[in-house]
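Each residue takes its place number in the sequence, starting with 1.
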Amino acid sequence: MAASGVKRPPRPAPASSGVRKLILALAVFLPALLYSQLQPPPPKICGSPGGPPITGTRTRLKDGRYLAYLESGVPKEQAKYKIIFVHGFDSCRYDALPISPELAQELGIYQLSFDRPGYAESDPNLASTEKSIALDIEELADNLQLGPKFYLMGFSMGGEIMWSCLKHISHRLAGVAILAPVGNYWWSGLPSNVSWHVWNQQLPQDKWAVWVSHHLPWLTYWWNSQKLFPASSVIAYNLALFSEGDKLLLSKFAFRTYMPQIRQQGEYGCLHRDMTVGFGKWSWSPLELEDPFAGGEGKVHLWHGAEDLIVPVSLSRYLSEKLPWVVYHELPKSGHMFPLADGMADTIVKSLLLGDQPPQAS
């Protein structure tokens with residue numbers, strides 16, 4: 001017993017008090033750290049301080065964004081046919097369909113290609129939707145004074161955009177060519193056996209990347225930039241995705257001198273937005289579309305290579321069966337890159353513009 005009047009030393013604070021403070025600090029710090037890791041860096045806008053330079057021709061949209069574009073073929077004032085080409089994933093305006101100068105002159109073809117939002121020198125649209133790109137195309141056509149109607153061609157991810165254009169701006173279209181289009185596994189009306197069959201033809205890492213893009217779009221940037229496990233093999237240019245026929249054409253695609261420009265504003269505004277929009281939650285399905293050219297004034301052509309390992313052919317087969325107004329061309333020995341094969345671009349264009357039936361392609 002302590003002597004009377006002698007003060008006792010203060011008792012130490014319970015150990016649980018320090019633990020609680022540590023837990024509280026971690027509860028504040030860890031979510032902040034996680035949030036910073038999940039957020040993509042801001043885009044490096046072309047022409048802004050510290051951003052890439054503007055080297056191409058651009059047009060300003062109503063909302064203030066700029067689209068960079070490239071014109072080829074005959075001058076539009078002399079053209080009989082005006083075509084807008086929509087490039088695919090990880091590409092830009094320079095990846096327009098390689099129509100031969102001879103055919104362009106013979107038929108009077110003007111081709112307009114552009115950088116989709118966030119690619120190369122077009123301003124990103126971080127609020128993009130499957131509808132917004134169709135409206136961008138319509139506004140681009142008006143800015144360039146292409147007239148009341150024009151033709152459209154789209155490849156790969158640009159091919160998927162053709163369905164949106166048929167939905168939202170069909171009144172402006174004279175004809176459409178859809179080339180090896182990406183599909184959305186969650187479109188309504190797709191039987192589970194069809195969607196699962198196409199889904200299971202992907203590499204495991206691509207199944208995860210696409211699943212995240214659809215179900216957890218806010219995680220798409222982190223998923224495709226982390227180093228813990230493999231992310232999208234398409235972004236990484238995994239050679240396992242290319243068929244034997246594709247490998248013969250890779251020199252025309254893989255060694256493009258302008259490749260550094262494609263992602264120069266940041267991958268989130270181009271590649272990752274492509275994924276979250278293309279594989280996102282659509283309020284409608286291409287299977288619900290009606291023939292936009294029921295009066296016979298135009299056609300929709302769908303082309304796909306049977307040996308495509310990047311975008312399996314099964315979905316295009318199903319869509320063409322359910323949409324009888326689609327003219328379907330399946331190339332039995334071709335992969336994803338078939339539009340780059342010698343003479344193929346001219347075959348596609350003549351079929352679209354003249355209704356020519358192509359010979360059996362290889």
Side-chain angles (χ1 to χ4, degrees), residues 85-91 95 97-98 153-163 176-185 187 190-191 193-207 209-210 230 232-256 274-275 278-279 286 300-323 326-352 356-362:
F85 181 81
V86 184
H87 68 74
F89 191 74
D90 207 7
S91 301
D95 294 306
L97 195 69
M153 297 188 296
F155 170 61
S156 194
M157 193 67 81
E160 183 184 46
I161 289 169
M162 296 299 96
W163 299 117
V176 178
I178 308 173
L179 315 177
V182 169
N184 186 313
Y185 306 100
W187 278 333
L190 276 181
N193 64 314
V194 174
S195 56
W196 274 108
H197 176 69
V198 181
W199 173 265
N200 286 320
Q201 290 181 279
Q202 299 178 101
L203 295 177
Q205 65 202 70
D206 293 323
K207 293 180 185 179
V210 169
S232 168
S233 64
V234 180
I235 292 177
Y237 282 95
N238 187 336
L239 286 177
L241 292 172
F242 295 97
S243 69
E244 292 305 312
D246 284 338
K247 290 175 183 177
L248 298 176
L249 300 170
L250 272 183
S251 61
K252 298 183 178 184
F253 186 77
F255 304 107
R256 297 165 290 168
D274 253 4
M275 295 179 70
F279 299 116
V300 176
H301 293 259
L302 172 56
W303 297 76
H304 215 122
E307 297 183 0
D308 193 333
L309 302 180
I310 297 176
V311 181
V313 70
S314 304
L315 190 53
S316 284
R317 286 176 181 164
Y318 186 80
L319 287 167
S320 66
E321 290 172 2
K322 296 302 178 180
L323 302 175
V326 169
V327 182
Y328 182 54
H329 311 269
E330 185 168 308
L331 310 179
K333 297 181 181 179
S334 296
H336 192 66
M337 309 305 298
F338 71 84
L340 298 180
D342 291 345
M344 195 67 222
D346 286 4
T347 297
I348 292 168
V349 169
K350 286 191 288 185
S351 179
L352 174 64
D356 289 357
Q357 290 299 315
Q360 190 75 3
S362 62

Can you tell if the side chain of [X] reaches within under 4.5 Å of the side chain of [Y], non-hydrogen atoms only?
X: L309; Y: H336; answer: no
X: V198; Y: Y318; answer: no
X: V86; Y: M162; answer: yes
X: D274; Y: V182; answer: no
X: L97; Y: F155; answer: no

Legend entry - Audit row: L315, L190, side-chain contact (heavy atoms from CB on, under 4.5 Å) steps and yes/no: CA-CA 9 Å; L315 190 53; L190 276 181; 3.4 Å; yes
Could you tell me the separation between the [atom1] atom of [X] and the [atom2] atom of [Y], rounded to the nearest 0.5 Å?
X: L248; Y: F242; atom1: CG; atom2: CZ; answer: 12.5 Å
X: I310; Y: F89; atom1: CD1; atom2: CZ; answer: 10.5 Å
X: L179; Y: H301; atom1: CG; atom2: NE2; answer: 11.0 Å
X: M344; Y: I348; atom1: CE; atom2: CD1; answer: 4.5 Å
X: K252; Y: L340; atom1: NZ; atom2: CG; answer: 6.5 Å
X: S232; Y: Q202; atom1: OG; atom2: CD; answer: 9.5 Å

Heavy-atom pair of closest approach, residues [X] and [Y]:
X: V326; Y: L302; answer: CG1-CB, 3.6 Å
X: P312; Y: Q201; answer: CB-OE1, 3.3 Å
X: K333; Y: E307; answer: O-OE1, 3.8 Å
X: G278; Y: E160; answer: O-OE2, 2.9 Å
X: D308; Y: A180; answer: OD2-CB, 3.9 Å
X: L239; Y: K247; answer: O-CE, 3.9 Å

Inset, instruction - List the steps and the verdict of side-chain contact (heavy atoms from CB on, under 4.5 Å) for V300 and V327. - result: CA-CA 6 Å; V300 176; V327 182; over 6 Å; no
Legend entry - Residue list, ring-ring contact (aromatic ring centres under 6.0 Å, His included) with Y185, at least two apart or on another chain: W199
Legend entry - Residues forming a ring-ring contact (aromatic ring centres under 6.0 Å, His included) with H304, sequence neighbours excluded: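 H304 satisfies ring-ring contact (aromatic ring centres under 6.0 Å, His included) with no other residue.
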Do [X] side-chain atoms and [Y] backbone N/O form a donor-acceptor pair below 3.5 Å?
X: S156; Y: G158; answer: no
X: S320; Y: S316; answer: yes
X: D206; Y: S233; answer: yes

Inset, instruction - Please work out which of the three classes, parallel, tilted or perpendicular, describes the rings of F253 and Y237, given edges at 30° and 60°. - result: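 Judged by the thresholds at 30° and 60°, the geometry between Y237 and F253 is tilted.
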Legend entry - Set of side chain to side chain donor-acceptor pair (under 3.5 Å) partners for S243, sequence neighbours left out: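 Partners of S243 by the side chain to side chain donor-acceptor pair (under 3.5 Å) criterion, ordered by chain and then number, come out as D246.
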Legend entry - More than 12 heavy atoms of other groups within 6.0 Å of N200 CG: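 For N200, atom CG is crowded (more than 12 foreign heavy atoms under 6.0 Å).
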Inset, instruction - Using a strict cut-off of less than 4.0 Å between a Lys/Arg side-chain nitrogen and an Asp/Glu carboxylate oxygen, indicate whether R256 and D90 qualify as a salt bridge. - result: no
Inset, instruction - Take W187 and L319, measure what side-chain contact (heavy atoms from CB on, under 4.5 Å) needs, and give me the verdict at the end. - result: CA-CA 11 Å; W187 278 333; L319 287 167; 4.2 Å; yes
Legend entry - Y328 and W303: CA distance, side-chain angles, deciding distance, side-chain contact (heavy atoms from CB on, under 4.5 Å) verdict: CA-CA 6 Å; Y328 182 54; W303 297 76; over 6 Å; no
